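Encoded as structure tokens, the structure appears first; notes follow it.
Not measured: the values here are computed from a predicted model. The chains referred to below are lettered A, B, ... by the order of the sequence lines, with proteins before strands, and numbering in each begins at 1.
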Amino acid sequence: MIIQKIQDFSLSTIAESGQCFRMNLLERGTYRVIAFGKYLEVTPLGNDTFQFSCTEDDFLHVWTDYFDLTADYRALKALVPPDDAFLSAAVNYGWGMRILRQDPWEVTVSFIISQRKSIPAIKTAVETICTNFGTPAYADGKQYYPFPSAEKIADLSCSDIGCCSLGYRDKYVTGAARSVACGDLDFTKLREADTQAAGNILRSLYGVGEKVASCILLFGLHRINAFPEDTWIKRIIDSEYAGAFPKNLYEGHLGIIQQYMFYFARSTEYQRAAPLN
DNA sequence: TGCCAGGCTTCAC
DNA sequence: GTGAAGCATGGC
């Protein structure tokens, strides 16, 4: 068990911002995270202090990286011009945001599934994949299901994986799994490649286009300048920026800005004031 | 019951 | 190269 003081860190903001699908609220503010085959519970204790249900070794070598705890987003927020009312409100609303450093394989599958699905439906599909094909594991007597390996998914037919509500995306997921399993898609090499080259490789996968590739770059490879433009971001750029968002102001950190925009655009606070649809 | 969802591929033109 | 059609299924 680790007790840690962390400033500018909000579990609810991170969990509800649409970047991950296996971080869930249990009770009284405690969130459960399943990632990299490990199980974690994080409980806010007040005064910027959090309890992590892990060893010191895992905290230092797994979760500090995962939650991007060494980063400081304050300098980025300071770049937002005061006269940009939307983005000023967005970075304020998204207090405690972090861009998680997730497993790129899990991110690839999750965001392939995400196309034309609601976030609750994505979470259901991802969880069903884990319970059906993940190898059960235990932490403190609790059973959980890690995300299955690419090799495991590669052995499945579209019919086998049909129980996971993937619809027409089933062939995209099995195809990506086979690319990883046979070595054609190597995330170790992608980490070393420049962002443009990595994006080109990702877009060569069947079922991966510009938006999903950007999500894999941002959430799986921590290329924080990747800027996924989904329907929400496009509507915001049209309605708040007359179709021209000033990306040049945030060069190098566009992915973080995008995450504040996405999280705020979907909030009831913004929807009440300026509904997008 | 009907509409919509963190898009993509395919096919005309 | 550009734009429209079609897509499976869950959640509200």
Side-chain angles (χ1 to χ4, degrees), chain A residues 13-25 90 93-94 97-100 102-104 106-132 156-179 185 199-240 243 245 254-268 270-272 275-277:
Chain A
T13 296
I14 296 165
E16 306 304 326
S17 67
Q19 61 177 303
C20 60
F21 305 103
R22 302 201 76 198
M23 181 173 176
N24 293 308
L25 180 63
Y93 181 79
M97 182 72 77
R98 302 288 169 137
I99 301 295
L100 300 178
Q102 302 179 66
D103 171 17
E106 180 175 338
V107 170
T108 298
V109 174
S110 298
F111 280 92
I112 284 175
I113 292 170
S114 76
Q115 55 187 271
R116 283 178 61 83
K117 265 188 183 295
S118 64
I119 288 179
I122 300 164
K123 294 182 81 162
T124 298
V126 170
E127 206 58 41
T128 307
I129 287 177
C130 295
T131 52
N132 277 281
L156 303 175
S157 66
C158 287
S159 172
D160 293 332
I161 209 170
C163 59
C164 301
S165 307
L166 303 188
Y168 62 89
R169 311 163 193 80
D170 55 3
K171 53 190 176 295
Y172 301 158
V173 171
T174 54
R178 285 163 195 155
S179 293
L185 179 62
N200 289 340
I201 291 168
L202 290 168
R203 279 192 302 278
S204 73
L205 290 172
Y206 186 37
V208 174
E210 187 68 37
K211 189 269 171 180
V212 170
S214 294
C215 287
I216 300 168
L217 289 170
L218 179 58
F219 305 126
L221 297 170
H222 206 69
R223 304 302 171 92
I224 55 172
N225 201 44
F227 190 79
E229 292 190 43
D230 73 320
T231 51
W232 290 91
I233 296 296
K234 286 175 180 169
R235 278 181 285 180
I236 282 293
I237 291 176
D238 284 343
S239 62
E240 301 286 349
F245 180 70
L254 280 165
I256 303 173
I257 291 294
Q258 175 274 159
Q259 202 60 21
Y260 285 120
M261 294 168 73
F262 178 82
Y263 181 54
F264 183 53
R266 291 168 43 83
S267 69
T268 53
Y270 177 73
Q271 289 289 317
R272 269 201 299 267
L276 287 170
N277 47 18

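- Using P as the reference atom, B:dC11 and C:dA8 are 14 Å apart when rounded to the nearest Å.
- At a cut-off of 3.5 Å, with distance as the only test, a side-chain donor of A:Glu240 or A:Tyr270 sits close to an acceptor on the other residue.
- Phosphate proximity of C:dG11 to A:Thr124: present, with a side-chain N or O under 4.0 Å from OP1 or OP2.
- When each of A:Ala121 and A:Lys171 is assigned the nucleotide of DNA chain C with its nearest heavy atom, A:Lys171 is the one assigned upstream, toward the 5' end.
- Using a 4.0 Å cut-off, no side-chain N or O of A:Ser118 falls inside it from OP1 or OP2 of C:dG11.
- Rounded to a whole Å, the CZ atom of A:Arg169 is 13 Å from the P atom of B:dA5.
- Smallest separation of non-hydrogen atoms from A:Ala213 and A:Gly199: CB-O, 4.3 Å.
- A side-chain contact (heavy atoms from CB on, under 4.5 Å) with A:Asp230 is found for one member of A:Gln115, A:Lys211, A:Arg235 and no other, namely A:Lys211.
- For the pair A:Arg116 CZ and B:dC3 P, the interatomic distance rounds to 13 Å; values are reported in whole Å.
- Residue A:Leu218 is out of contact with every strand shown, counting any heavy-atom pair closer than 4.0 Å.
- A distance of 13.0 Å separates CG in A:Leu254 from CD in A:Gln259, rounded to the nearest 0.5 Å.
- Spacing between atom CD of A:Glu210 and atom P of B:dC8 amounts to 8 Å, rounded to whole angstrom units.
- Close to B:dG7, at under 4.0 Å from its OP1 or OP2, lies a side-chain N or O of A:Thr231.
- Residue A:Phe219 is classed as a base contact, given a heavy-atom separation below 4.0 Å to a base.
- Annotation: C:dC7 and B:dA5 have their C1' atoms spaced 13 Å apart (nearest Å).
- The residue A:Gly209 sits close only to the backbone: its heavy atoms come under 4.0 Å of sugar-phosphate atoms, none of a base.
- Taken from SG in A:Cys130 to CD in A:Glu106, the straight-line distance is 6.0 Å, to the nearest 0.5 Å.
- Taking atom P on both nucleotides, B:dC4 is separated from C:dA5 by 16 Å, rounded to a whole Å.
- Going from atom CD1 of A:Ile122 over to atom C1' of C:dC12 covers 15 Å, rounded to whole Å.
- Atom pair A:Lys117:NZ and B:dC4:P shows a separation of 17 Å (rounding to whole Å applied).
- If you take CZ of A:Phe111 and P of B:dC8, they are 12 Å apart, rounded to a whole angstrom.
- Here A:Ser17 lies in heavy-atom contact (under 4.0 Å) with a base.
- A donor-acceptor contact under 3.5 Å links the side chain of A:Gln258 to the base of B:dG6.
- Closest to the side chain of A:Gln115, out of C:dG11, B:dC8, B:dG6, is B:dC8.
- Counting non-hydrogen atoms under 4.0 angstrom, A:Phe262 reaches a base of the nucleic acid.
- Ring orientation note: the planes of A:Phe219 and A:Phe111 are close to parallel, at an angle under 30° on the 30°/60° scale.
- Of all nucleotides listed (C:dG10, B:dG7, B:dG6), B:dG7 comes nearest to the side chain of A:Tyr168.
- Between A:Tyr172 atom OH and B:dT9 atom P there is a gap of 6 Å when expressed in whole angstrom units.
- Of the candidates B:dT10, B:dG6, B:dC8, B:dG6 carries the atom nearest the A:Asp230 side chain, counting heavy atoms from C-beta on.
- Residue contacts shown for A:Ile119 are limited to sugar-phosphate atoms, with no base heavy atom under 4.0 Å away.
- Rounded to whole angstrom, the span from the CG atom of A:Leu166 across to the P atom of C:dT9 amounts to 10 Å.
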